[in-house]
Every structure is written in C-alpha cells, then in structure tokens.
Amino acid sequence: MDIHVSIEGKGDRSERIFRQLLDAILDGRLRPGERLPSTRDLAAQLAVSRNTVSVAFERLVAEGYLDARRGAGTFVAHIDLNREQATPRQTRRSAPRGEVRAREVWRNVPDPLWNKPRPIAYDFSVGTPDPSLFPLEQWRRLVANELGPRFLRAGSYGDPAGNADLREAIARHLGIARSVRAAADDIVVTQGAQQAFDLIGRVLLEPGEIVAVEEPGYPPVRQLFESLGARVVGVPVDEHGIDVTQLPPKTRLIYVTPSHQFPLGTVMSLERRVALLEWASRHGAVILEDDYDSEYRFANRSLDPLQSLDRGGRVIYVGTFSKTMLPALRLGFLIAPASLRSALRSAKRLTDWSTDHVTQAAMARFVDGGHFSRHVRRATRVYAERHDRLVEVLQRDLGDRLVVLTSAAGLHVAVQPIAPGANSTGIAARAQSRGVAAAPLERFCASTPGTEGLVLGFGGIAAEDIEDGVRLLFRR
Ligand SMILES: Cc1ncc(COP(=O)(O)O)c(C=O)c1O
C-alpha cells in the first residue's frame, strides 16, 4: 500500500518516519498483518537514502510494532492494542472538530444518523415495501447481463436525462397504467423521488418564494425546500385533498400527493383536482404531483393524475421505484412540461451527472419485458390481503376507540382516535418497547402539533401477524 509520510521540517528524518508509522499503527490506519512497502520503495518515494528508512523500520521491529519476515517483507505486528491504549495518540483519528457552522436552516433538520435498529417483532413502520417480494434472482440476472463489455465501452457519464430505453419504457408504462401523457423526452430519471424534488426546487425557486405543502405531509419535502431557501407553508388537507382556498396567493410551487395523500391516505376528489389546476393557472403557480405509491390499488380504478388533466403545462409529475421495487435502488423519475426540460436536465447534470447506468438499463429490461407489471400485480395481491386484514382487525377490535381513514391504495393506513384524550405519541413509544413499530401522526404535522392518530404501514408485516401486532400496539 502507499503510505503518506511527510519528511518536511527540521530534525532527524528517520525519527520522523518512525513516528508517523507508529502513529498509523496505533490509530488503526495500518492494521495488524498489513504489509509495508519495501525500504527501497519507500526510500525512492520519499527521495531519501534507503538507510534512513531502514533505521526507522528496525526501530519499529525492535519495539515489536513490525514483523520482518525474511524473503516475504515487513508486516504490522499483531500487537495487543490494549497494552498501548493509555496515551491519547492511540485513539482512532477523526477530522478536527472545527468552528465552521452550517447555515441556520440545517439546525432544524434532524441528523439522519440512524438510531441503532431495535429488534422489531411487528413492523407497522411507514414507507418500506416487503423486501421478500423483490424479484432478486431475476434482478441479479438483469444486472449481470448489463455489467458486460457494452457497459465498459459506453464508459462515460451518459445522458443526464437518463437511459433512453428506460425513459421509453416508463413513458409507455405510465401511459397505459396511469394515463400519464408523456414521451421519453419529457422524462428525467433521478435518484428516487427525493432527487426529483430537489431538481424541481433548484430550477423553479428564488430565495424566499413560497412552497405550499400538505399539512399533515411528508417531512423530507418540507425540509428540502426550506434548505433550498424557500418559505414553506403547510396547507390543511380535508377529505377531498388540499384546501385550495387556503393557498397563499403568491405560492410558486404546490406539492401534493393526490392519488394517496401522505400520510392520511385520502384520494383527492375530481372537483378538487380541477379547482387546484385552475388556481395554479390563475396564480402562475406550478404543481408538483408526487405519485409515490399508487401502483398498489385495492379498490376501484384510480382517478386520473393531475398531470393527465393539465392542459396548461403547470404540473410536474414525480414517480419512484422505491415502493414497487426497493428504496435502495434509488431510482425515480420526473415528467415535466417542455418549457422546463432543458433546465431540469442541466440541473441533473450539475448535481450528479447521471443516475447509475447499470440499474437504469436493468430496469428498462424489467419494465419492457412485462416483468414490472407482473411483479406489481403479484405484490398488490399480497398487500391487498394485508390492507384488508389490518382494516378488519382495527374496525373489529378498536372500532369504539378510533376511525380508520379510508385508503384505497399504497402501503399504509392512518387511524384517528374518536374520543379526546388519546396520547398517540405515548402509544407508539410504549409499543416500541414491546417490539412494535408504528408512527404517531404528529410526526407528519409541522404546523399542527398535538394532532392525534397513528400511521400504520403494512409493507413489513405478514397478514397472519397483523392481529397480534395490533393487539400489542394498543395494549394499555
Ligand atoms: C410521500 C412520499 N414521496 C416520495 C417517497 C419516495 O422517495 P424516494 O423515491 O426518494 O425513495 C416517499 C417514501 O417514503 C414518500 O413517502
């Protein structure tokens, strides 16, 4: 391995080399068993005599930090680090603490350092599909197929808008499954929906401009737009969707989840869709339609997306493969009116050049071959059973304490207490100590703290575990 050793400065060079190697061994950068470069190579690298390096090595050998094996080389010895742990230099190195502060806005964004995962016996957490439904073998074959010489020959950054076959496949699929009106050129492939939101914010928002988001709503969207310098305003949602009459008149961007409101689960009515489009057109606003999980439909046919009702080019449609496939693939897309295409493609290029090529190409084959539709149909049957079971158990056993909000799609349902005095956050916290994960509705309320209710996902729990999970969740 190449070791960075600095011999600049006054004093004995052998001593400097000795100290730096010793530090690297003690703080773990050089690990037991690791082979050092030969004295000849290190001397050449540092432009010093071989003897200078040899003196440092011999001292480290003599003190037991290195093993010199004749004919094989010099290795870091298997020393007992506990013996050495007394002095401060032996702690693992980390970057200096520093005095530089992030912008004020980042104080309000929680650090995403994951809490240590606790054992979860009954998982009602929101937002994740069941990984056991992921078509692993087929995906492995598709990826292996793409990871060949063609991939190496392509070799460069690629089109920032994304793999052309995938964009064709998405346009075709959405045209049939969701009546979205789009050609491949209208699409930008992104790292999940979240990057699509980021690109849209970058190309549309001047500092201080208003973004209206649903209240309750999806926290990462609110936090993202705030971090981009926008003024984010929560607008209440009723049983028809976002309350258009409460939109601030100067709103530039309106973020909505019309097919399956996050987190309440309601569907925006057709009247409200029309009212929202008219409002946007009158006020020169743009609508961001997040269609994050409507592929899983359990009841009647879905209403047409806002995008397909939009005649004025005011809607940007965002989709993701996080729910249908896996969040870890980081694959999503946006469909924008032609007037925004060029800026969005440029924003994508300036942000990360392009999305991973192999994943995109594999997904293109998966969609094109009809596998994606089949996979979604199969998964929908599994989730429909869980959805029906969860609603049935909740209504049967807790119907006198709470209402289950109707939700005809997606991977979660919301419940709200009927009587005052419930403490949903307390219920969720107690449940967690019993190995049950569920989110209090309050977590999704930025401007209405104290809202009671729970959001229950069913991507992570088998139908046969739902009854026991619900019992444990609501045990007093
Ligand atoms: C409302 C909403 N939008 C979008 C997403 C998907 O985000 P991404 O595609 O970045 O994984 C989620 C994921 O939980 C979500 O809940």
Side-chain angles (χ1 to χ4, degrees), residues 110 112 114 123-131 134 162 166 170 174 178 187-202 211-225 227 232 234-235 237 241-242 253-268 287-296 305-307 316-335 348 351-352 355-356 359-360 363 372 376 383 405 407 409-414 437-441 443-446 454-460:
W114 296 115
D123 190 359
F124 293 109
S125 46
V126 187
T128 38
D130 187 338
F134 184 80
L166 179 58
I170 292 172
L174 285 179
R178 302 284 293 121
I187 295 177
V188 177
V189 178
T190 57
Q191 307 254 12
Q194 192 68 14
Q195 189 186 39
F197 306 149
D198 182 58
L199 300 179
I200 292 164
R202 283 165 190 266
V211 177
V213 298
E214 296 167 324
E215 170 72 19
Y218 183 52
V221 158
R222 171 182 271 278
Q223 292 160 1
L224 172 73
F225 288 130
S227 81
V232 179
V235 175
V237 172
I242 195 165
L253 181 64
I254 309 166
Y255 166 85
V256 283
T257 47
S259 310
H260 186 231
Q261 203 277 332
F262 188 93
L264 297 178
T266 41
V267 178
M268 190 185 287
I287 298 170
L288 198 178
E289 175 172 30
D290 178 8
D291 201 10
Y292 64 103
D293 72 355
S294 65
E295 290 87 351
Y296 301 129
L306 286 166
Q307 197 270 359
I316 308 178
Y317 178 96
V318 171
T320 178
F321 291 103
S322 286
K323 312 290 166 173
T324 45
M325 299 293 280
L326 271 189
L329 289 185
R330 303 312 305 133
L331 203 55
F333 53 89
L334 61 80
I335 298 174
K348 171 70 178 168
T351 308
D352 70 352
T355 297
D356 174 68
T359 307
Q360 289 191 73
M363 185 60 83
F372 179 72
V376 169
Y383 292 133
L405 304 188
S407 171
L411 291 175
H412 68 264
V413 292
L441 184 54
R443 191 177 293 168
F444 309 103
C445 301
L454 289 168
V455 187
L456 305 178
F458 45 84

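Just follow the structure's listing: the first ligand is 1, and inside any ligand the first atom is 1. In what follows, every heavy atom counts, from backbone to side chain, and hydrogens, waters and symmetry copies are set aside.
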Check your understanding: Does T324 offer a backbone N or O that forms a donor-acceptor pair with the side chain of E295 under 3.5 Å?
Key -> no
Practice item. List in chain and number order the residues that pass ring pair (Phe, Tyr, Trp, His ring centres under 6.0 Å) with Y317, two or more places apart in sequence or in another chain; answer none if no residue qualifies. Key: none
Check your understanding: For atom 16 (O) of ligand 1, what's the nearest protein heavy atom and its distance?
Key -> Y218 CE1, 3.2 Å
Exercise for review: Note the single closest protein heavy atom to atom 11 (O) of ligand 1, along with its residue, its atom name and the distance in Å.
Suggested key: S322 OG, 2.7 Å
Revision key, fill the gap. Logged contact type for F333 with ligand 1, heavy-atom cut-off 4.0 Å, is neither
Practice item. Decide side-chain hydrogen bond (donor to acceptor under 3.5 Å, both in side chains) for T351 and Q195; before the verdict, give the C-alpha distance in whole Å, the side-chain angles of both, and the deciding distance to 0.1 Å. Key: CA-CA 9 Å; T351 308; Q195 189 186 39; 5.0 Å; no
Review point. Heavy atoms only: which of P327, A193, G217 is nearest to atom 7 (O) of ligand 1?
Key: A193
Exercise for review: Report yes or no: does Y296 contribute a side-chain atom to a donor-acceptor pair with the main-chain N or O of K323 at less than 3.5 Å?
Suggested key: yes
Study note, to complete from the structure: Quick note on ligand 1: atoms under 4.0 Å from a heavy atom of Q194 include exactly 10 (O)
Check your understanding: Taking the six-membered ring for Trp, is the centroid-to-centroid distance between Y255 and F225 below 6.0 Å?
Key -> no
Point to revise | Element-labelled atoms of ligand 1 that are located less than 4.0 Å from some non-hydrogen atom of T320 | key: 8 (P), 9 (O)
Exercise for review: Classify the contact between Q191 and ligand 1 as side chain, backbone, both or neither, using a heavy-atom distance cut-off of under 4.0 Å.
Suggested key: neither
**Study point:** G192: numbered ligand 1 atoms lying under 4.0 Å from its heavy atoms
**Key:** 9 (O), 10 (O)
Check your understanding: At what distance is the nearest protein heavy atom to atom 10 (O) of ligand 1, and which residue and atom is it?
Key -> R330 NH2, 2.8 Å
Check your understanding: How does K323 reach ligand 1, by side chain, by backbone, by both or by neither, if only non-hydrogen atoms under 4.0 Å count?
Key -> side chain
Check your understanding: Going by atom types alone, do S407 and H260 pair a side-chain donor with an acceptor below 3.5 Å?
Key -> yes
**Study point:** Q360 side chain to T355 backbone, donor-acceptor under 3.5 Å
**Key:** yes
Study note, to complete from the structure: For F262, the ligand 1 atoms with a heavy-atom partner under 4.0 Å come out as 1 (C), 16 (O)
**Study point:** Any donor-acceptor N/O pair, S125 side chain to A438 backbone, under 3.5 Å
**Key:** no
Review point. In the protein, what heavy atom is nearest to atom 3 (N) of ligand 1, and what distance, to one decimal place, separates them?
Key: D290 OD2, 2.5 Å
